[in-house]
Amino acid sequence: MIDLSAEQINNTPYKLEQVGTNSFVFSTKFGLRYNIGFTEDYTFLEEGVYQFYIVNLDHSHFKNDPLVRETIQSVIEAFFQIAPVTMLYICDMSDNRQSSRDRLFHSWFVEYSKQAEYTLINERVNFDGVYYFASIMLRKDHPAHDSIIKLFKDFISDLPGKIDQIQELAT
Amino acid sequence: MYSVKPIIYKTVEEKRNAFMQAVQQRQKWEAEQREKIAKMDASKASAQA
């Protein structure tokens, strides 16, 4: 299991504070606080997948702050440096702003300077009128890159609420 | 040699439940972290007092 410490994450614009295993908090110059982290996930593979979380602790409206993006990118980068892993990101839908979060996450990926080293797959499902946005991200040099993408797509495509819209970025 | 082990589901309903568990895992994690952060903040405030 990956055990990432704040000391292993270099050059973050905002200082990270360790909350627990694979969990960090930081404050921005606008006074917002974010909690980011990841846990092992067994949704479609038995191992090697981690679900990634970004939580706006104050529920404040997001301010356009590139340093937030850069801080989160640094954590993700450190995460991928430890082992060949896959990141699963399911947008928080507790306040029905999951679509905005999905767009923001993808815009961050597009703006990421090392985007060419990664693949991001975005899928969307609708259960009982609620949209869920799920993405996986993995390095292009992951030894099972193609198999994992296929298994994720197969998993989503069989779901009863699958939406026929697949986005692939940087594949 | 890196091996990929997919989780086998017998029905789409099982798959749907697995997906919803992943959604709930997110909510559970957030609740746990909020509690830990509140304790961290209280501890800091106590140290400064």
Side-chain angles (χ1 to χ4, degrees), chain A residues 17-25 33 35-49 51-57 83-84 86 88-94 98 123 125 127-128 130 132-134 142-148 150-152 154-162, chain B:
Chain A
E17 194 176 355
Q18 191 106 25
V19 177
T21 305
N22 299 323
S23 175
F24 314 93
V25 67
R33 285 179 99 194
N35 181 201
I36 53 178
F38 47 90
T39 60
E40 287 180 295
D41 183 274
Y42 307 99
T43 305
F44 73 105
L45 294 184
E46 287 187 9
E47 58 188 5
V49 180
Q51 189 173 165
F52 190 75
Y53 313 101
I54 306 171
V55 178
N56 177 340
L57 289 168
T86 301
L88 171 68
Y89 178 64
I90 299 174
C91 293
D92 176 19
M93 33 67 69
S94 55
Q98 59 269 40
E123 297 276 6
V125 295
F127 294 147
D128 304 323
V130 177
Y132 297 86
F133 296 83
H142 190 298
H145 177 274
D146 294 351
S147 301
I148 290 170
K150 182 180 184 310
L151 288 166
F152 177 65
D154 287 349
F155 174 80
I156 294 286
S157 66
D158 286 347
L159 288 172
K162 168 77 178 74
Chain B
M1 181 76 180
Y2 190 97
S3 66
V4 179
K5 298 172 188 165
I7 294 180
I8 309 298
Y9 296 102
K10 289 177 184 166
T11 65
V12 291
E13 195 56 34
E14 281 182 358
K15 272 194 176 182
R16 177 187 158 127
N17 290 341
F19 184 85
M20 293 312 295
Q21 277 181 13
V23 172
Q24 286 160 8
Q25 181 178 324
R26 188 197 191 294
Q27 294 162 344
K28 183 170 174 274
W29 183 87
E30 180 178 341
E32 288 170 355
Q33 301 312 305
R34 281 186 181 278
E35 199 176 316
K36 286 181 184 175
I37 291 165
K39 283 181 184 168
M40 278 171 54
D41 291 346
S43 174
K44 278 185 203 165
S46 170
Q48 286 175 351

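Every value quoted in this text rests on a predicted model; they were computed, and no experiment measured them. Computed from heavy atoms alone, side chains included, the values below leave out hydrogens, waters and symmetry copies. All chains are named by letter (A, B, ...) in the order of the sequence lines, taking the proteins before the strands, and each is independently numbered beginning at 1.
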Top residue by heavy-atom pair count (under 4.5 Å) with chain B, among A:Ala134, A:Gly20, A:Pro84, A:Gly48? A:Pro84

Which of the residues A:Thr43, A:Val49, A:Asp41 is involved in the greatest number of heavy-atom pairs with chain B at under 4.5 angstrom? A:Thr43

Please look at [X] and chain B and tell me whether the side chain, the backbone, both or neither of the residue comes under 4.5 angstrom of a heavy atom of that chain.
X	answer
A:Leu45	both
A:Tyr42	both
A:Phe155	both
A:Val25	side chain
A:Leu57	both

Considering only NZ, NE, NH1 and NH2 on the basic side and carboxylate oxygens on the acidic side, decide whether B:Arg16 and A:Asp128 come within less than 4.0 Å. yes

Taking all heavy atoms of B:Arg26 and all of A:Ile90, pick out the closest pair and write down the distance. NE-O, 3.3 Å

Smallest separation among heavy atoms of A:Asp154 and B:Lys15, with atom names: O-NZ, 3.4 Å

For chain A, which candidate among B:Ile37, B:Val12, B:Ile8 shows the most heavy-atom pairs at distances under 4.5 Å? B:Ile37

Heavy-atom distance under 4.5 Å to chain A: side chain of B:Gln21, backbone, both or neither? neither

Segment of B:Tyr2 engaging chain A (4.5 angstrom heavy-atom cut-off): side chain

Can you tell me if A:Thr39 and A:Tyr53 form a side-chain donor-acceptor pair at under 3.5 Å? yes

Has B:Glu14 got more than 12 heavy atoms of other residues, nucleotides or ligands less than 6.0 Å from its CD? yes

Measuring only between side-chain heavy atoms, which start at C-beta, is A:Asn35 closer than 4.5 Å to B:Trp29? yes

Just by distance, do the side chain of B:Gln33 and the backbone of A:Ile36 share a donor-acceptor pair under 3.5 Å? no

